[in-house]
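Only one structure is covered here, and it is reproduced in the block below.
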Amino acid sequence: MEFRPRDYSSEETTYSLPRLRTELHPLAIRPSLIQVDIAGQEKNDFFDPLRGPSGNKEESVGDEEAVQGIETTRGMPSIDDRQLTQLSAKEWASFKRSLAAQRFSVSKTVSISSLSDAIVKGGKGKKLLVEKFVGSFPIVLVTFPEFTYLTRNLAVPEKPTTSLHLDELNDPQKFAEDDVKVITRQEYITRLRELKDEIGRAWRADDRVTSLKLSIKVARLLMDTTVSQFYPALFVLVTDVLDMLGDMVWERIKRRAEYADDGTVICCLQDNFEANDVCPDAKETCYNWFCKIGSIRELLPRIYLELAILHCWRFLDDQPWRNLQRLVMMMRGLADPLASAFCRLYMARCAQKLLPGDTGYLMTCINDLNLILMRIILEKEPMPKNSLDNKKLLISLVEPTIEWIMKCIFKDAHQRRADDIVKELGLERNLSKSSGSVPCISIVLHHLLKELPAESVCSHAFEIVQLIECNKDFSFDQYMNYRLLGLKLCERRPQVDCVDAILGKVFQVTTQYGNLDQYLKVVDAYLDLVLQYQMDNYLTIILDGISTRAFNEVVAENELNSLQSIFIKLLAHFNDLEDAFALNHFVEILDVLYGSSRDVVNMHILDKATKSGYIRDPTTIQLLFEISQALHDGLDFSNIQDDEHQQPARLISRFIRMVDYGTALERQLEFLVECRGAFGRINELKETLVHESNNLAIKAIKDSNKLVSFVKACIAFNEVTIPSVSASFKQINLYLETAEVALQGGLLSHTDGLIDSAVSCLQSLDLTDGSQIPIDIDGILSLVRKLCGLLVIVPGNIKQGVAYFPRSIISLVDSKQWITPKLRIRVFCAIVSLSATLSQNKLPYHSNSREVMTNDVLFFGDPAYYQEFVSISGSVLENVISAVKQEPNLATRGTMALEACNCILSSFKASHEISSICSQLIEIAQSCLNANDKHLRSTVNLMRGQHSTCSTNAPVIAV
């Protein structure tokens, strides 16, 4: 066998494409292309992402936008209105879930009125052997997991609630007495569901009187507020039953309007029908239902039942919402604040089905609730029920009703409408301290601010500040209203003079807060305004205030969240990280943070630092190093594969890459050593350290003034660091990269040692340990080819032999059981190509180091050197055919045979031996592939071309 001689320079000239200098980038926009696209713009079936948007493009108005503002001529809900109702139904379902999630207080024992007989009479309970009575009245005990409440039997006279409260307080033990029935919370809910089913069954049996009576009993449950913590959940359960009744009544009346008694179709009511479209019989039925409900003696059940069928007014009146104001006036007769509030909540929900044009009834509801709660706050009777804790509990229970009604008021309200609402609520009146009156209490103000559009808040900002300043009642924390105002103002950009006046008022109050949490929540809300308008005086006040309040204190979890938000806003505002570090108390406050909040802020600092260019200031480097160390120490290395834990590792690695000590390369290497000691548990970081060390070595090599000892120090640093990298594949890559650097520096002994380490690491791979990890064939092949490419310019070692490393690779292929036939064939081809390249009189590329003499210089004309690589190739060719035949997949076997054949034909001169081997390979390929395969045909043609130069006794290939 004899290798083909190659002239790499002439081959490059022959096969390279001609190159022409261009003035424009090939992907740049050309005027001619723009004209062509504009001319054919009508098709508009392709969008070029590299081309900017056309300036002539007309903005189209969508159908939805055109529909908005068009009112239906008949005054009934349009399609958009129905969609809004559906959306409201989803919001209501979510809101009810939050109400039902209310928990019971611990060890709470209170009495329930006799109106709970609907639950008790039908409930299944466990009888307890107890003898005593409360006064002269038997008591039925209903027990929930967290508390116990009492209800009296209907057969006995009622006792005032206050008396029962006093009896309970005087002798709590007598409430666990004889003849007691125990009912769990789930049993209570189950009983209500049974009642709901009974109502449905009676209705389907045409017994609508029973359905109505049972519904009245269910509605009466809402008259009992003695177990106030359970009331929101009870409200949800009861209103579900009432909603079912309302839907059944609606369907019955609608059916009577559309069908006669004999089933004849009278008409088909559209969604936007009018009262005139309804027949008299249906109207009479509808009116009869309202009369029956109007005859209920108790006010609360009467209101709830009418609200349940409120939408049925559409059968009688084209403007059914006119009944809302009447119902609002009726609700003023409800004495209990909790029952009154939730009744108004149900009205706000039911009224949405009517889609009324104005929200006057809701405004009245809010004003009434505001007045009721104000009286509760100001009430000073020395009764247990009027204690501060009881008042706060009541207000917390009423709060959801205020929240929902406010949402209904401001739903889809534009700024002009919102301004009118503000006027109706009386918030534009003179709010001077001398007036002595406040339009609304704090909790109402809070939900008003929450729903008020940001534009309206900005236009009424100063009045709102005055209003918050006057509101100091316990219904809601004042600082939370200040915070909410700040968040609303940050959504828009008010005028500078307005902002300065508002901030002056707010900080005049907040500086008096001694509580760190309250102070942080307020200043965090206004920090965006301070930064946007560059009000450095207020920024100084904020940081001074935080430092003073956080000094020598352990910051709580909720305070950490506020501090985290403040730091993130500061870091986002300053373009230069050093400007943020220069702020008063910045680093001092940063030290107060701990836990996940500290990690989040540290990551933002590192992200900011590494995006601003190279970091050269020693003080900044030291601070960022400490920040990185704190971030590293907080990592959970058992979950380091999670993306949440990989992000800190990536930021630390990027920080190390961005540190630049300039010409002080020794200091840069010392920094890498420090990083290895501080961040040694991050594998990604170790790779970064090796890469950076190699970069330093290359810098030193380019600078002729640098000593070789520094390059040796970098190589030594890598030789110590690489073995600690856990992944073997990454180790091999790092060894080969460092070997290239050592070769560039003329360090041949280090180069040989690093390549030997790479080969040893490759030999130590064991993928047959039962771990079920798929073999990375392409990865191993890539490493082998990379190693062969490096060996082209590495001088052969006379002591070990010039073919020491290629023989080591062959030994690896022969010794490992996990080597697949496909991998073995391609490694054989790489060895053959390497041998053919090293046998050339001039190599295709050389080392840049003048100290390195490549093989074409060291062994030029040496027949032993040439024969060594012929011998290696011969041993490979002996095994290549058997390796191809071992491939189980036919298509892959044919492709591998062609790859091996092409490699052999391009590496050796034509000869009988070569022709025999290639003929066998082509025969294998012909048996596995289609005869028209292009790869097969081109390989046969190449074989024939070389066959013509051989003896006539060579085998003939036919396709």
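Quick note: numbers below take in every heavy atom, side chains included, and nothing from hydrogens, waters or symmetry partners.
Closest approach of Glu559 and Ala556 over heavy atoms only: OE1-N, 2.9 Å. Residue Cys490 comes nearest to Ala525 through the heavy atom pair SG-O, 3.2 Å, listed as atom of the first residue, atom of the second, then distance. Contact between Val444 and Cys440 at its shortest, heavy atoms only, is CG1-CB, 4.0 Å. Closest heavy-atom contact between Ile296 and Arg302: O-NH1, 2.6 Å. In terms of heavy-atom proximity, Thr510 sits nearest to Tyr519 at O-CD1, 3.4 Å. Leu338 approaches Ser228 most closely through the heavy-atom pair CD2-CB, 3.9 Å.
Side-chain contact between Arg326 and Met330: present, with at least one pair of heavy atoms (C-beta onward) separated by less than 4.5 Å. Contact of the Leu324 side chain with the Met347 side chain is registered, since non-hydrogen atoms from C-beta on lie closer than 4.5 Å. Using a 4.5 Å cut-off on side-chain heavy atoms (C-beta onward), Asp389 and Leu393 make no contact. Side-chain atoms of Leu373 and Ser475, non-hydrogen and from C-beta on, never get closer than 4.5 Å to each other. Side-chain contact between Gln478 and Asn471 is absent, with no heavy-atom pair separated by less than 4.5 Å. Taking the side chain as every heavy atom from C-beta outward, Pro453 and Phe410 approach each other to under 4.5 Å. Between Ser340 and Ile372, the closest side-chain pair of non-hydrogen atoms falls below 4.5 Å. Arg349 has its side chain out of reach of Leu345: every pair of non-hydrogen atoms, C-beta onward, lies at least 4.5 Å apart.
In this structure, the separation between NZ on Lys505 and CD1 on Ile464 is 14.5 Å, given to the nearest 0.5 Å. Within the model, atoms CG of Leu99 and OH of Tyr231 stand 11.5 Å from one another, a figure rounded to the nearest 0.5 Å. To the nearest 0.5 angstrom, Ile309 atom CD1 is 12.0 Å from Asp247 atom CG. A distance of 10.0 Å separates CE of Met331 from CE of Met329, quoted to the nearest 0.5 Å. The CD atom of Glu451 sits 8.5 Å away from atom CE of Met406, with the distance rounded to the nearest 0.5 Å. Interatomic distance, His460 NE2 to Gln466 CD, rounded to the nearest 0.5 Å: 13.0 Å.
Every residue two or more places apart in sequence or in another chain that forms a side chain to side chain contact (heavy atoms under 4.5 Å, CB included) with Asp524 is listed here: Arg483, Ser565, Ile566, Lys569. Partners of Phe476 by ring pair (Phe, Tyr, Trp, His ring centres under 6.0 Å), not counting sequence neighbours, listed by chain and number: His446. Partners of Phe95 under the ring pair (Phe, Tyr, Trp, His ring centres under 6.0 Å) rule, at least two apart in sequence or in another chain, are Trp92, Trp404. Every residue was checked against the ring pair (Phe, Tyr, Trp, His ring centres under 6.0 Å) condition with His447, not counting sequence neighbours, and none meets it. Legend: residues meeting ring pair (Phe, Tyr, Trp, His ring centres under 6.0 Å) with Trp250, ordered by chain and number and at least two apart, are His311, Phe315.
Using a distance-only test at 3.5 Å, with no hydrogens or angles considered, a donor-acceptor pair links the side chain of Asn370 to the main chain of Ile441. A side-chain donor-acceptor contact under 3.5 Å links Thr364 to the backbone of Gly360. A donor-acceptor pair is defined here as one N or O able to donate and one able to accept, closer than 3.5 Å; such a pair exists between the side chain of Ser211 and the backbone of Trp203. Formation of a donor-acceptor pair under 3.5 Å by the Gln518 side chain with backbone atoms of Asn515 is not found in this model. Between the Asp473 side chain and the Ser442 main chain, a donor and an acceptor come within less than 3.5 Å of each other.
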Evaluate Val509 against Tyr482 for side-chain contact (heavy atoms from CB on, under 4.5 Å), listing each step before the verdict.
CA-CA 10 Å; Val509 177; Tyr482 278 120; 3.5 Å; yes
Verdict with reasoning, Ile199 to Met248, per side-chain contact (heavy atoms from CB on, under 4.5 Å):
CA-CA 10 Å; Ile199 293 171; Met248 291 189 301; 4.0 Å; yes
Let me see the working for Cys312 and Trp289 under side-chain contact (heavy atoms from CB on, under 4.5 Å), right down to the final yes or no.
CA-CA 9 Å; Cys312 295; Trp289 271 100; over 6 Å; no
Show, in sequence, the C-alpha distance, side-chain angles and deciding distance for Leu369 and Ile405, and conclude whether the side-chain contact (heavy atoms from CB on, under 4.5 Å) test is met.
CA-CA 11 Å; Leu369 287 175; Ile405 294 174; 4.0 Å; yes
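The environment of OH in Tyr287 is sparse: at most 12 heavy-atom neighbours from other residues, nucleotides or ligands sit within 6.0 Å. Summarising the local packing, NZ of Lys292 is surrounded by more than 12 heavy atoms from other residues, nucleotides or ligands at distances under 6.0 Å.
Of the residues Lys213, Arg191, Lys217, the one that meets the salt bridge (Lys or Arg N to Asp or Glu O under 4.0 Å) test with Glu198 is Arg191. When the options Leu310, Ile293, Leu300 are evaluated for a side-chain contact (heavy atoms from CB on, under 4.5 Å) with Leu305, the one that passes is Ile293.
Aromatic ring centroids of Phe290 and Trp313 lie under 6.0 Å apart.
Asn390 and Ser387 share a donor-acceptor pair across their side chains, judged by distance under 3.5 Å alone. Checked by atom type, the side-chain pair Gln325/Arg322 shows no donor-acceptor distance below 3.5 Å.
Between Glu403 and Lys407 there is a salt bridge, with a side-chain nitrogen of the basic residue lying less than 4.0 Å from a carboxylate oxygen of the acidic one. Comment: Asp517 engages Lys521 in a salt bridge, judged by a side-chain N to carboxylate O separation of less than 4.0 angstrom. Using a cut-off of 4.0 Å between Lys/Arg side-chain N and Asp/Glu carboxylate O, Lys488 and Glu455 are scored as not salt-bridged.
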Show me the donor-acceptor pairs within less than 3.5 Å that the side chains of residues 234-245 make with the rest of the protein, sequence neighbours left out.
unit_1: Thr239; atom_1: OG1; unit_2: Phe235; atom_2: O; d: 2.7
unit_1: Thr239; atom_1: OG1; unit_2: Val236; atom_2: O; d: 3.1
unit_1: Asp240; atom_1: OD1; unit_2: Lys96; atom_2: NZ; d: 2.6
unit_1: Asp243; atom_1: OD1; unit_2: Tyr346; atom_2: OH; d: 2.7

